[in-house]
Number of protein chains: 2
Amino acid sequence: MKKYIHISGDLRNKILAGEYKSNDKLPSEKDLGAHYEASKMTIKQALDILVSEGLIIKRRGSGTFVKDLSKKEIDRIAIINQFRGKTAENPDKQVTSKVLDFSVVKADPFIQNKLNISEDDFVYHIYRVRYLNGSPTVIEETHMPIDVIPGLKKETLQASIYEYIEEELHLKIQSGHRTITVRKATDFEAEELALEKGDPVGVAEQIGYLVTGAAFEHSVSVHRYDKFVTEMILTRN
Amino acid sequence: MKKYIHISGDLRNKILAGEYKSNDKLPSEKDLGAHYEASKMTIKQALDILVSEGLIIKRRGSGTFVKDLSKKEIDRIAIINQFRGKTAENPDKQVTSKVLDFSVVKADPFIQNKLNISEDDFVYHIYRVRYLNGSPTVIEETHMPIDVIPGLKKETLQASIYEYIEEELHLKIQSGHRTITVRKATDFEAEELALEKGDPVGVAEQIGYLVTGAAFEHSVSVHRYDKFVTEMILTRN
DNA sequence: AAGTGGTCTAGACCACATT
DNA sequence: ATGTGGTCTAGACCACTTC
């Protein structure tokens, strides 16, 4: 186990368990270094993880403090800021899919640009309605370059593509760039998502990248307005 | 100037200028260290900034590579992931406000919990419609503890509260925790935002924190659906 | 085997806040 | 003046990829 992971995990537990409370001052980096038998840089690395999670605040000159979080915020914080597929995001729910289209096409200019591929490259076109516990939740339209993600089968679409990519192809997913907008449902979307015409939908457009740096997916997902939540932590420089 | 800021800035410029192109390999950390006369840890710190911005990817054993970004993605990347007020987010537009309510009230239990204050604490209640270039864009309802942000005047609300906090009170804003949802506009919201009844709105609920760790605002902002965009970069682990 | 990034150290000096 | 976190160094060893 990496030392800084161990230290940040240990401190996170103590905060979540209430051993350090809101606004409490943590021991200094020097003291923590003595306690964990680690150098200052390692302690700093551990604390910076908790800063990025929004749990603590460091103030040069005064010390490190537990943020003034409400209980709900603390519960929330363990979960967010992860990049996962729908299946992994909802471990407690049954995720199923209706496949509207699954084909191989030439990428149009829009997709070419998003995936940074040339006009001769082929992509999968995957168009699915996805259900959580049987109720329609989101319509996803995904394009993936066949060169990057080969061998997709229709039965894979019923389950988790991300799992296929990581477990079967042994590729590693690194990051995603996501843009969220809001609009009215089209007639088709309303029908598939069991909404009224013109009801709100949340739209997430996303480009996914592998650790190799290659863009492996462009997807647009249209969510029922009552089942769309997204959370983030913003920091100031 | 901090050395790692200088190095990451220099490399960012080279990437954005196309000096390093998509999928290009950057010099090794050792070589960069020689070039910039910096130690390995400092180079690492500089590169990690670019990783968090989504510009590059590091692969142990092989090297550091420019991500396979489309041109648009590259342009986008300079902007996002900052925590700022509406005024600062729209430097090119004129931001004005209509103040619907400005009062001091006792915090109700919901707000108490969000701001982590007690039932005896007073908060400002600020309720504004905000206009970009004269057209209604968002309705914001904000609560701020008067103990944390004293001396708010009605004329401040016409402009930028964030500016008041930083310039006048000399407090430093550190971070925000934001949750985004989608729903139908209420009749009141539709009227103020010049929408039809039941049209979509994007809702951002946010808690803001100072560098002291104190929660200084809870706000719910209801956005016209055609003027609501939010962008983020997600990473795995 | 050679080269890469990841982790870690022991210490230095600096910028800032508090006393 | 003291204590804090921020930056930086010069090196060590490790895990991983590529040849």
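Side chains included, hydrogens not; waters and symmetry mates left out as well; all remaining heavy atoms used. Each chain gets a letter, A, B and so on, in the order its sequence line appears, and its residues count up from 1.
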**Prompt:** Nearest-Å distance, NZ (A/Lys30) to P (D/dG6)?
**Reply:** 16 Å
**Message:** If we ignore hydrogens and angles and just use 3.5 Å, is the side chain of B/Asp121 paired with the main-chain N or O of B/Ser118 as donor and acceptor?
**Reply:** yes
**Prompt:** Counting any heavy atom closer than 4.0 Å, what does B/Lys3 reach on the DNA or RNA strands: base, sugar-phosphate only, or nothing?
**Reply:** sugar-phosphate
**Asked** Out of D/dT9, D/dT7, C/dT9, which has the shortest distance to the side chain of B/Ser39?
**Response** D/dT9
**Message:** Take a 6.0 Å sphere around NZ of A/Lys14 and say whether it holds more than 12 heavy atoms from other residues, nucleotides or ligands.
**Reply:** yes
**Item:** For atom NZ of A/Lys25 and atom C1' of C/dT18, their distance in whole Å
**Value:** 9 Å
**Item:** Whole angstrom value for the distance that separates P of C/dG5 from NZ of A/Lys2
**Value:** 17 Å
**Prompt:** How long is the line joining CD of B/Glu29 and P of D/dC13, in whole Å?
**Reply:** 19 Å
**Item:** Nucleotide nearest B/Lys58 (side chain, heavy atoms from C-beta), chosen from C/dG5, D/dT17, C/dA17
**Value:** C/dG5
**Complete:** In whole angstroms, the gap separating P of C/dT7 from OH of A/Tyr36 amounts to 18 Å
**Asked** More 5' along DNA chain C: A/Arg59 or A/Met41, using each one's nearest nucleotide?
**Response** A/Met41
**Asked** Out of C/dA17, D/dG6, D/dT4, which nucleotide sits closest to the side chain of A/Ser28?
**Response** D/dT4
**Request:** Can you tell me the distance, in whole Å, between the CG atom of A/Asp48 and the P atom of D/dG6?
**Result:** 7 Å
**Item:** Side-chain donor-acceptor contact under 3.5 Å, B/His218 with B/Glu205
**Value:** yes
**Request:** Could you walk me through whether B/Tyr4 and B/Met41 pass side-chain contact (heavy atoms from CB on, under 4.5 Å), step by step?
**Result:** CA-CA 9 Å; B/Tyr4 73 94; B/Met41 288 298 284; over 6 Å; no
**Prompt:** Can you check the B/Ile43 CD1 to C/dG3 C1' distance for me, whole Å?
**Reply:** 17 Å
**Fill in**
Between A/Lys44 and A/Ser62, whichever has its closest DNA chain D nucleotide further toward 5' is A/Ser62
**Derivation and outcome, salt bridge (charged side-chain N to carboxylate O under 4.0 Å, His left out), residues A/Lys44 and A/Glu29** = CA-CA 7 Å; A/Lys44 180 174 158 22; A/Glu29 295 190 350; over 6 Å; no
**Message:** Given the structure, check if the side chain of A/Lys40 and the base of D/dG6 hold any donor-acceptor pair shorter than 3.5 Å.
**Reply:** yes
**Fill in**
Comparing nearest nucleotides in DNA chain C, the 5'-proximal residue of the pair A/Glu37, B/Asp31 is B/Asp31
**Prompt:** Any side-chain N or O of B/Tyr4 under 4.0 Å from OP1/OP2 of D/dC8?
**Reply:** no
**Prompt:** Between A/Thr42 and C/dT7, does any side-chain N or O lie under 4.0 Å from OP1 or OP2?
**Reply:** no
**Item:** Distance, rounded to the nearest Å, where B/Gln45 contributes CD and C/dC8 contributes C1'
**Value:** 15 Å
**Asked** In terms of side-chain heavy atoms of B/Arg60, which of D/dC16, C/dT7, D/dT18 is nearest?
**Response** D/dC16
